[in-house]
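All ligand and atom numbering here is 1-based and tracks the order in the structure.
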Amino acid sequence: MAETATLIIDGKEIILPVIEGSEGEKAIDIRGLRQNTGCITFDPGYGNTGACRSRITFMNGEQGVLRYRGIPIEQLAEHSTFVETAFLLITGKLPTREELTRTSVYLNDFSPIHENMRLFYRNYPPKAHPMGILSAMVNAMRSFYPELMELDEEMNRTYLQIISKIRTMAAMAYRISTGQRVVYPRPDLCYCANFLNMMFDSEVVPYRVDDDLVRALNVFWILHADHEQNCSTTAVRVVGSSKVNIYAAISTGISALWGPLHGGANQAVIQMLEQIQRDGMTIEQCVARAKDKADDFRLMGFGHRVYKTYDPRAKIMKKMCDIVLSKVKREDPLLDIARKLEEVALEDTYFKEKNLYPNVDFYSGIVLRALGIPTDMFTVMFAIGRLPGWIAQWKEDTSDPEMKISRPRQIYTGETLSDYIPIDQRSGETIC
Ligand code: SDX
C-alpha cells in the first residue's frame with residue numbers, strides 16, 4: 001500500500017501521496033494541493049522543497065555523504081580523473097577504456113575556440129571579472145556553433161565542446177587580462193595539464209607539467225563536479241525548462257555560481273583571510289564578528305544549506321593543501337589562519353548549535369593559490385569543475401517527461417483592489 005500524508009485545512013481533509021527515493025528519502029507529493037484545497041505551500045529559498053527526481057548525485061547532509069551515480073566522492077577523488085568523472089555524471093556509467101580514450105581525443109580536438117570569439121576579450125576592460133566574461137562567452141557559443149544544437153549519441157559532441165572550450169576560454173580570459181600572449185591547447189596534454197599549460201606557459205620560462213599538480217587539479221575539479229540541486233544547478237534547470245538552448249542555460253549557471261554566498265565564496269574566503277592577516281584581527285575577534293548580527297561579517301566558507309556536519313569535500317580539500325604546498329615548496333600563512341579559525345569556530349557554541357562547519361570553499365582557495373591561480377579566477381575554477389554536473393542535470397531535466405516549465409506561485413501581500421487616479425487629482429509632494 002503506497003504511503004500517504006493526511007492534511008486537514010479549513011475543516012477539509014485531503015490525502016496526499018508520499019514518494020520515496022532509492023535512499024529512503026520521502027517527499028509529500030503536493031501537485032494536487034491547490035486544486036483540492038486552494039492552498040499552495042510556502043518555502044522561500046526552497047529549503048524544504050524537492051524540485052525533481054534525480055539519479056545523478058546523492059547527498060546526506062546529516063552524515064556528510066556525497067556520491068556521484070552511487071560512487072562515494074572519496075573513491076572518485078582517490079581513483080578517478082575529472083574527465084572520467086564527467087563521463088560518469090553525464091552518461092550514468094563509468095567509461096570503458098575505449099570510451100575514455102575517445103572522449104579525451106574529442107576534448108583535445110574541440111579545445112580551440114573560434115578566432116572571432118577572441119575579439120570579445122579585447123573589448124572588455126582590463127579588470128573585467130572573468131566570471132562575467134565566461135558567462136558571456138558560453139552564451140555566445142550558440143551563435144558561433146549553431147551546428148552543435150543537434151544532440152546526438154550518449155556522451156555527445158555538444159557536451160564535450162562546452163567542457164573542452166570552457167577551459168580554453170577561462171585560460172584566455174586570464175592571459176589577455178594580464179597582457180600575455182594567448183597559449184593554445186597542446187594535443188599531447190590531458191585535460192588538466194592542458195589548462196595549467198595554457199595558464200602558465202611562457203617563452204621565457206616554458207611551463208613544466210608536474211604530475212602531482214595535475215593530479216591535484218583533477219581532484220579539485222572532481223570535488224566540484226556536481227552537488228544535486230544547488231543554486232546554480234537550479235538556475236540551469238529553471239532556465240533550461242523553457243527549452244532554451246543548452247549554452248544559455250549553462251551561462252545562467254555560471255552567473256548564479258558567481259555570487260559570494262555560492263561559488264564566489266572561494267574568492268571571498270581568501271579575501272577574508274587576507275583581511276584578517278592585513279588588519280591583524282585575532283581569530284577570536286573574527287569569530288565574534290561572524291556571530292554578531294549587527295555586523296555583516298560572515299565566516300565565509302562556513303555553513304551549508306544541506307551539510308549539517310563537515311562537508312566531505314572540505315576534508316579532502318584540507319588534506320590537499322599540505323600535499324600541494326609541500327610540492328611547490330611553499331608555506332601559506334593564510335592556511336595557518338584558516339586552520340586556527342576552524343579550530344576556534346568548531347569549539348564555539350554558536351557554530352555548534354547552528355551546525356556550521358567548513359564547506360568546500362573554505363580550503364579550496366589555499367589549493368588554488370598553491371597552483372598559482374589568481375584569486376579572481378577562483379570561481380572560474382569552480383565553474384569549470386561544475387560544468388559536467390550542470391550538463392548532466394540539464395540533460396536529465398529536459399529529457400524527463402515529468403518535468404514542466406518552472407513556474408512557482410506566490411502569496412501576494414500588496415495593495416488590494418484600488419482605482420486609477422488621474423494625475424491632476426493626486427495629492428502629495430512632487431516626487432521627481
Ligand atoms: C556552496 O548548495 C550547495 O550545494 C552549494 C555548494 C555546491 O557545491 O554547489 O556546496 C557550494 O555554495 C557552498 C557555500 C558557500 N558559501 C559560503 O561559504 C558563504 C557563507 N555561508 C553562508 O552564507 C550560509 O551558510 C549559506 C549561504 C552557505 C547557507 O545559508 P542558509 O542555509 O540559508 O542558512 P542561513 O543563512 O539561514 O543561516 C542559518 C543561521 C543564521 O543565523 P540565525 O538567523 O539562525 O540566527 O546560521 C548563520 C545565519 O546567520 N550562519 C552564519 C554563517 N552561515 C550561516 N553565521 C556566520 N557565518 C556563516 N558563514
Side-chain angles (χ1 to χ4, degrees), residues 43-51 54 56-62 64-68 73 77 85 89 131 220-237 253-273 276 283 285-317 338 341-342 344-346 348-366 378-379 381-390 392-393:
D43 186 19
Y46 309 118
N48 298 287
T49 296
S54 180
I56 300 169
T57 293
F58 172 69
M59 291 169 64
N60 179 315
E62 286 66 34
V65 171
L66 173 59
R67 301 184 200 136
Y68 296 161
I73 191 69
T85 298
L89 284 168
M131 280 297 274
F220 182 91
W221 277 336
I222 287 169
L223 295 178
H224 286 83
D226 193 55
H227 217 233
E228 55 131 285
Q229 306 311 314
N230 58 85
C231 177
S232 53
T233 296
T234 298
V236 170
R237 279 184 173 254
I254 296 171
S255 300
L257 187 74
W258 193 358
L261 292 187
H262 191 12
N266 58 16
Q267 176 169 351
V269 167
I270 291 297
Q271 287 162 344
M272 172 187 74
L273 296 174
I276 294 168
I283 299 298
Q285 283 168 332
C286 182
V287 169
R289 283 192 60 188
K291 291 156 57 175
D292 179 359
K293 292 297 173 215
D295 191 333
D296 60 7
F297 182 89
R298 274 211 159 180
L299 204 50
M300 300 311 278
F302 256 71
H304 200 275
R305 174 62 58 79
V306 175
Y307 290 126
K308 299 310 168 192
T309 184
Y310 216 104
D311 183 332
R313 303 167 298 174
K315 285 183 187 166
I316 300 169
M317 201 69 83
L341 256 182
E342 176 192 333
V344 172
L346 294 190
D348 185 282
T349 315
Y350 172 94
F351 288 86
K352 283 198 278 193
E353 280 174 358
K354 296 179 188 295
N355 296 313
L356 302 176
Y357 291 84
N359 59 52
V360 67
D361 294 310
F362 191 63
Y363 287 106
S364 62
I366 305 287
F378 283 8
T379 312
M381 297 300 284
F382 193 144
I384 296 172
R386 183 52 51 86
L387 180 58
W390 286 331
Q393 299 274 352

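Looking at T57, its side chain never comes within 3.5 Å of a backbone N or O of H227 through a donor-acceptor pair. A distance-only check finds no donor-acceptor pair linking the side chain of D361 to the backbone of A265 [under 3.5 Å]. The backbone N or O of E228 lies less than 3.5 Å from a partner atom in the side chain of N230, making a donor-acceptor pair. Of the possible donor and acceptor atoms, none in the side chain of R313 sits under 3.5 Å from a partner among the backbone N and O of L66. Using modelled atom types, one side-chain atom of Y68 and one backbone atom of I222 make a donor-acceptor pair closer than 3.5 Å.
At a 4.0 Å heavy-atom cut-off, ligand 1 does not touch K291 at all. Using a 4.0 Å cut-off between heavy atoms, V306 makes no contact with ligand 1 at all. When heavy-atom distances to ligand 1 are checked against a 4.0 Å cut-off, R386 comes that close only through its side chain, counted from C-beta outward. The part of Y350 lying near ligand 1 is the side chain, judged by heavy-atom distances below 4.0 Å. Residue contacts with ligand 1, taken as heavy atom pairs separated by less than 4.0 Å, involve K293 solely via side-chain atoms from C-beta onward. Here F382 has side-chain heavy atoms under 4.0 Å from ligand 1, and that is the only part of it that gets that close. Under 4.0 angstrom from ligand 1, the non-hydrogen atoms of R305 come from both its backbone and its side chain.
Closest protein heavy atom to atom 4 (O) of ligand 1: H227 ND1, 2.6 Å. For atom 5 (C) of ligand 1, the nearest non-hydrogen atom of the protein is H304 NE2, 3.6 Å. Regarding atom 16 (N) of ligand 1, its nearest protein heavy-atom neighbour is L261 O, 2.8 Å. For atom 60 (N) of ligand 1, the closest non-hydrogen atom of the protein is L299 O, 2.8 Å. Atom 23 (O) of ligand 1 has as its closest protein heavy atom R298 NH1, 2.7 Å. Of all protein heavy atoms, the one closest to atom 46 (O) of ligand 1 is K354 NZ, 3.0 Å. For atom 11 (C) of ligand 1, the closest heavy atom belonging to the protein is H262 ND1, 3.7 Å. Scanning all protein heavy atoms for the shortest distance to atom 13 (C) of ligand 1 gives D361 OD2, 3.5 Å.
Considering backbone and side-chain atoms alike, F302 places an N or O below 3.5 Å from some N or O of ligand 1. Below 3.5 Å of separation, one finds an N or O of G301 facing an N or O of ligand 1.
Of the listed residues (L356, T57, N359, N355), the one carrying the non-hydrogen atom nearest atom 52 (C) of ligand 1 is L356.
Atom 30 (O) of ligand 1 is never approached by the protein to below 4.0 angstrom, counting heavy atoms only. Inside a 4.0 Å radius of atom 39 (C) of ligand 1 there is not any protein heavy atom. Not a single protein heavy atom sits closer than 4.0 Å to atom 26 (C) of ligand 1. Under the 4.0 Å distance rule, the nearest protein heavy atom to atom 34 (O) of ligand 1 falls outside the cut-off.
Looking at F58 and V65, their side chains come closer than 4.5 Å, going by heavy atoms from C-beta outward. Side-chain contact between N359 and Y307 is absent, with no heavy-atom pair separated by less than 4.5 Å. In this structure, the side chains of M317 and H224 come closer than 4.5 Å at one or more pairs of heavy atoms. Residues W390 and T233 have side chains in contact (heavy-atom distance under 4.5 Å, counting atoms from C-beta outward). Residues Q229 and Q393 meet the side-chain proximity criterion, which asks for heavy atoms closer than 4.5 Å.
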List the steps and the verdict of side-chain contact (heavy atoms from CB on, under 4.5 Å) for T85 and L89.
-> CA-CA 6 Å; T85 298; L89 284 168; 4.2 Å; yes
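Centroid-to-centroid, the aromatic rings of F362 and H304 stay 6.0 Å apart or farther.
Checked by atom type, the side-chain pair N355/T309 shows no donor-acceptor distance below 3.5 Å. E342 and Y363 share a donor-acceptor pair across their side chains, judged by distance under 3.5 Å alone.
At least one heavy atom of R313 lies less than 4.0 angstrom from ligand 1.
Annotation for ligand 1: atoms under 4.0 Å from non-hydrogen atoms of A265 are 15 (C), 16 (N), 17 (C), 18 (O). Within ligand 1, the atoms closer than 4.0 Å to a non-hydrogen atom of G303 are 25 (O), 28 (C), numbered from 1 in the order shown.
Heavy-atom minimum distance, V287 versus D348: CG1-OD2, 3.9 Å.
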